[in-house]
Asks: 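Quick one: structure below, then a few questions.
This structure is a prediction, so every number in the text was calculated from the model and none was measured. Only this structure's heavy atoms are used, side chains among them; waters, hydrogens and symmetry mates stay out.
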Amino acid sequence: MRYFLACNPCDVEDRLAPPVDVWFDERLAVRDSVIAGRGLFFTGDVPAGTNVLRLGGRLVSSAELDALIRRAETDATQPYVDTITVYDDAHLVLPPRTQIHFGNHSCDPTLWLVGPYEIATRIDVTAGDEATLDYATISGANGFTMKCRCGTAACRREVTSADWTRADLQERYRGHWVPALQRRIAAI
């Protein structure tokens with residue numbers, strides 16, 4: 001199951017409403033991935049700092065998210081729930097069946113967050129590179145763990161909900177966390 005919970009007290013006025021739809025740069029395509037079945041890949045060169053994804057959907061509370069996930073797990077007619085937590089008790093549920101579902105994790109990603117809903121290239125990428133995100137930057141749910149298969153030199157072998165507490169990751173992704181985790185880090 002891939003859902004990410006990252007909660008921290010957050011001022012309501014700081015919360016930006018999400019766009020309705022997910023937007024993808026035209027240079028992204030779904031292809032086979034050695035990381036996890038299918039992934040998003042660049043079809044052309046893209047310089048660092050280029051916005052390539054905009055997340056969209058609707059914000060739901062933790063209780064609403066739990067109900068959505070339970071329903072999806074028990075009713076095969078319900079769509080898979082792709083989500084990240086952006087703010088305290090505010091989880092972005094992405095529209096079902098979009099390409100964003102194929103975004104894979106890497107411990108040395110090509111992408112990172114540049115706003116609550118915007119994702120940009122972290123490095124210069126070339127055609128054929130996989131578009132990956134470090135799930136540590138969007139995951140803070142107690143007990144979340146995932147075996148990592150990214151295969152990079154920086155591979156942590158496991159991604160957990162506590163990864164945001166690592167000083168090396170806080171430094172590497174300074175300013176590129178979901179707002180809830182960024183607030184947790186700032187409070188340290």
Asks: In terms of the angle between their ring planes, are His101 and Tyr80 parallel, tilted or perpendicular, with boundaries placed at 30° and 60°?
Replies: perpendicular
Asks: What I'd like to find out is whether the side chain of Tyr173 reaches to under 4.5 Å of the side chain of Pro109, using heavy atoms alone.
Replies: yes
Asks: Please round to the nearest 0.5 Å and tell me the distance separating atom OG1 of Thr165 and atom CZ of Arg184.
Replies: 9.5 Å
Asks: Any link between Phe41 and Trp23 through a network of hydrophobic side chains (Ile, Leu, Val, Met, Phe, Trp, Tyr) touching at under 4.5 Å?
Replies: no
Asks: What I want to find out is whether Asp134 reaches Arg156 closely enough, with some N-O distance under 4.0 Å, to be called a salt bridge.
Replies: yes
Asks: Please check if any side-chain donor atom of Ser61 sits under 3.5 Å from a side-chain acceptor atom of His91, or the reverse.
Replies: no
Asks: Using side-chain heavy atoms (C-beta onward) and a distance below 4.5 Å, is Ile35 in contact with His105?
Replies: no
Asks: Taking the side chain as every heavy atom from C-beta outward, state whether Trp177 and Leu169 have any pair of such atoms under 4.5 Å apart.
Replies: yes
Asks: How many angstroms lie between atom CG of Leu65 and atom CZ of Arg70, to the nearest 0.5 angstrom?
Replies: 9.5 Å
Asks: According to a hydrophobic-cluster definition based on side-chain heavy atoms being under 4.5 Å apart (Ile, Leu, Val, Met, Phe, Trp, Tyr only), do Met146 and Leu40 belong together?
Replies: yes
Asks: Would the distance check show the side chain of Thr152 and the main-chain N or O of Cys107 forming a donor-acceptor pair, the cut-off being under 3.5 Å?
Replies: no
Asks: Within the structure provided, determine whether Pro18 and Leu59 are in side-chain contact (heavy-atom separation under 4.5 Å).
Replies: yes
Asks: Which heavy atom of Val81 sits nearest to which heavy atom of Val93, and what is that distance?
Replies: CG1-CG1, 4.3 Å
Asks: Could you verify whether a donor N or O on one side chain and an acceptor N or O on the other, from Asp108 and Ser106, lie under 3.5 Å apart?
Replies: no
Asks: May I ask you to test the Tyr117-Pro19 pair for a side-chain heavy-atom distance under 4.5 Å?
Replies: yes
Asks: Quick check: do Leu68 and Gln78 have side-chain heavy atoms less than 4.5 Å from each other?
Replies: no
Asks: Any side-chain heavy atom of Val178 sitting closer than 4.5 Å to one from Thr137?
Replies: no
Asks: Would you say Thr121's side chain and Pro47's backbone share a donor-acceptor pair under 3.5 angstrom?
Replies: yes
Asks: What's the verdict on side-chain contact (heavy atoms from CB on, under 4.5 Å) for Tyr87 and Leu16, showing C-alpha distance, side-chain angles and the deciding distance?
Replies: CA-CA 9 Å; Tyr87 304 111; Leu16 298 174; 3.8 Å; yes
Asks: Yes or no on salt bridge (charged side-chain N to carboxylate O under 4.0 Å, His left out) for Arg27 and Asp129, after CA distance, side-chain angles and deciding distance?
Replies: CA-CA 11 Å; Arg27 294 167 288 190; Asp129 288 346; over 6 Å; no
Asks: Just wondering, do Phe42 and Leu28 contact through their side chains at under 4.5 Å, heavy atoms?
Replies: yes
Asks: Please enumerate all residues that pass side chain to side chain donor-acceptor pair (under 3.5 Å) together with Arg149, with sequence neighbours excluded.
Replies: none
Asks: Is it the case that the side chain of Asp82 and the backbone of Leu94 share a donor-acceptor pair, with hydrogens and angles ignored and the cut-off at 3.5 Å?
Replies: no
Asks: Same cluster for Val30 and Val46 if Ile/Leu/Val/Met/Phe/Trp/Tyr side chains link at under 4.5 Å?
Replies: yes
Asks: With clusters defined by side-chain heavy atoms of hydrophobic residues (ILVMFWY) lying less than 4.5 Å apart, directly or transitively, does Val22 cluster with Phe102?
Replies: yes
Asks: So how far is it from Leu133 CG to Leu53 CG, rounded to the nearest 0.5 Å?
Replies: 9.0 Å
Asks: Any side-chain hydrogen bond (donor to acceptor under 3.5 Å, both in side chains) pairs touching residues 32-56, not counting sequence neighbours?
Replies: Asp32-Arg38, Ser33-Asn104, Ser33-Glu130
